[in-house]
Amino acid sequence: MINREKLLEIAEVTKVFGTYAALSRVSMQVERGEIVGLLGPNGAGKTTLLEIIEGLQTATSGSVRINGRTPNELSVAERGAIGLVFQRYALPGHLRVGQLLSLLRALYAEEGNELVEILGLQHLLDSRIRQLSVGQQQRVAMCCALFGMKSLLLLDEPSSALDIRSRLAIRQAVLTRRKQQHFGAVIATHQMEEALALCDRVYFIEKGAVRLHGDTRALVAAEPARCRLDFFRPADEVAFRNVQAALGRAVEALDGRRCRIQCEAKDIPRLWAMLLECEAVHGFQADAEVGRSSLEQVYLRVVADAA
């Protein structure tokens with residue numbers, strides 16, 4: 001059993017830039033061994049809060065305590081036990097990936113072979129970091145954050161530039177290391193699917209203020225039952241318009257060609273059958289998936305209530 005103890009305490013934190021309040025009386029806590037999500041759109045204040053936790057910025061008012069002390073009071077060893085991945089991560093571009101891993105092994109006295117394998121870095125060892133794609137660099141940054149024994153992990157949009165395979169690799173790496181080390185983690189994201197897969201509890205932040213927080217799955221379970229039908233749209237625009245007309249529902253655009261229909265559970269069989277018929281008529285692969293109530297619905301309700 002994971003030993004629960006209070007690791008991070010944030011009390012009434014406000015951050016003001018001139019006349020703009022980036023954060024307004026934010027309070028939250030993280031226990032050792034749990035992953036907490038900080039959810040909200042771009043500009044909600046997530047990055048500012050993470051930078052205050054790390055000590056890169058100072059709160060205008062309120063307090064942050066890590067193991068009972070402010071970030072500036074932590075020893076060098078304690079700061080080294082905090083793993084970081086920020087959107088503006090700075091990696092030594094002139095080094096090869098293998099050279100950076102050798103440095104990490106020397107610093108932390110750990111081989112890290114399992115971590116390298118999970119994150120799919122084996123084939124990149126001879127590549128210079130500056131020559132990697134953004135997504136590859138993000139996986140390297142995640143490796144650096146997870147290397148060694150960690151007590152706290154701070155991740156700012158850790159999978160924003162990744163394809164689905166890399167996103168799954170990062171999730172596996174975080175969950176595997178959490179199980180081994182029982183660290184606490186704060187993950188700032190606007191991707192609800194990622195939060196649902198990783199986070200024990202979530203805080204919804206909008207315009208610098210916490211609007212709702214609670215156990216992730218309990219929040220979803222309390223939401224009125226709704227379903228969604230996700231599918232890949234036809235590449236041909238005329239065919240897509242015909243599919244929309246046949247389904248007779250508003251179709252939301254997701255990433256790439258992925259689409260979504262929100263509906264009641266009772267409507268799924270009929271819509272599924274119609275989509276299969278559209279596949280046959282228009283010659284495309286819908287690759288449809290059905291899902292139920294999600295954090296996305298909770299968030300949209302919270303935002304509407306806060307407007």
Side-chain angles (χ1 to χ4, degrees), residues 37 39-44 46 87 120 132-139 156-172 187-199 202 204 206 216-217 219-221 223-305 307:
L39 312 184
N42 295 329
K46 305 187 301 295
Q87 294 182 61
L132 302 179
S133 70
V134 173
Q136 290 170 333
Q137 288 190 34
Q138 200 153 357
R139 279 186 280 143
D156 192 3
E157 304 288 357
S159 61
S160 60
L162 302 180
D163 58 33
I164 186 168
R165 185 174 299 177
S166 295
R167 290 201 301 270
L168 292 175
I170 279 187
R171 290 177 196 172
Q172 183 185 351
I187 300 180
T189 182
H190 61 268
Q191 297 183 15
M192 303 300 152
E193 179 186 356
E194 179 174 72
L196 190 58
L198 284 174
C199 300
V202 291
F204 291 93
E206 171 77 4
T216 308
R217 280 154 186 78
L219 288 172
V220 172
E223 196 70 8
R226 291 279 291 171
C227 285
R228 65 179 186 274
L229 180 63
D230 292 356
F231 64 96
F232 282 107
R233 56 179 284 179
D236 181 76
E237 285 299 322
V238 173
F240 178 52
R241 287 196 293 272
N242 289 335
V243 170
Q244 284 182 295
L247 295 173
R249 294 290 182 114
V251 178
E252 305 172 34
L254 302 177
D255 296 335
R257 287 175 41 228
R258 200 75 177 159
C259 294
R260 173 171 296 172
I261 293 175
Q262 303 282 0
C263 59
E264 300 292 335
K266 62 182 177 60
D267 294 328
I268 286 293
R270 178 175 58 85
L271 291 172
W272 189 283
M274 293 173 69
L275 190 57
L276 290 176
E277 184 177 347
C278 287
E279 278 188 323
V281 172
H282 299 290
F284 73 103
Q285 186 68 39
D287 192 20
E289 295 179 357
V290 174
R292 291 192 177 271
S293 298
S294 68
L295 273 182
E296 209 169 70
Q297 287 177 235
V298 179
Y299 176 69
L300 291 174
R301 176 176 57 78
V302 171
V303 171
D305 291 344

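Please read these numbers as outputs of a predicted model, since none were measured by experiment.
In this structure, CG in Leu196 is found 12.5 Å from CD in Gln191, a value given to the nearest 0.5 Å. In this structure, CD on Glu296 lies 4.5 Å from CZ on Arg260, to the nearest 0.5 angstrom. We find the CG-CZ distance between Leu300 and Phe204 to be 9.5 Å, quoted to the nearest 0.5 Å. The CG atom of Leu162 sits 8.5 Å away from the CD atom of Glu194 when rounded to the nearest 0.5 Å. In this structure, the separation between CD1 on Ile261 and CD on Gln244 is 8.5 Å, given to the nearest 0.5 Å. Summarising the geometry, atom CD1 belonging to Ile170 is positioned 6.0 Å from atom OG belonging to Ser159; distances are rounded to the nearest 0.5 Å.
Around atom CD of Glu252, more than 12 heavy atoms belonging to other residues, nucleotides or ligands sit under 6.0 Å away.
Considering only residues two or more places apart in sequence or on other chains, Arg257 meets the salt bridge (charged side-chain N to carboxylate O under 4.0 Å, His left out) condition with none of them. Partners of His282 under the side-chain hydrogen bond (donor to acceptor under 3.5 Å, both in side chains) rule, at least two apart in sequence or in another chain, do not exist in this structure.
Pro234 approaches Phe240 most closely through the heavy-atom pair CD-CD1, 3.8 Å. Pairing each heavy atom of Ala195 with each of Thr216, the nearest pair is O-CG2, 4.3 Å. Contact detail for Val298 and Leu219: the closest heavy-atom pair is CG2-O, 3.7 Å.
A 4.5 Å side-chain heavy-atom check between Asn242 and Cys278 finds every atom pair outside the cut-off. A 4.5 Å side-chain heavy-atom check between Val251 and Phe231 finds at least one atom pair inside the cut-off.
Judged purely by atom type and a 3.5 angstrom limit, Gln138 uses its side chain to pair as donor or acceptor with the backbone of Pro158.
With Ile187 as the fixed residue, the side chain to side chain contact (heavy atoms under 4.5 Å, CB included) test singles out one of Val202, Leu198, Asp156: Leu198.
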Mind running side-chain contact (heavy atoms from CB on, under 4.5 Å) on Glu206 and Val302 for me, showing each step along the way? CA-CA 9 Å; Glu206 171 77 4; Val302 171; 5.9 Å; no
Arg249/Asp267 under side-chain contact (heavy atoms from CB on, under 4.5 Å): CA gap, chis, key distance, verdict: CA-CA 11 Å; Arg249 294 290 182 114; Asp267 294 328; 2.8 Å; yes
Determine whether Val243 and Arg233 satisfy the following criterion, side-chain contact (heavy atoms from CB on, under 4.5 Å), listing intermediate values before the conclusion. CA-CA 8 Å; Val243 170; Arg233 56 179 284 179; over 6 Å; no
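Annotation: cation-pi geometry satisfied between Arg258 and Phe232 (NZ/CZ under 6.0 angstrom from ring centroid, within 45° of ring axis).
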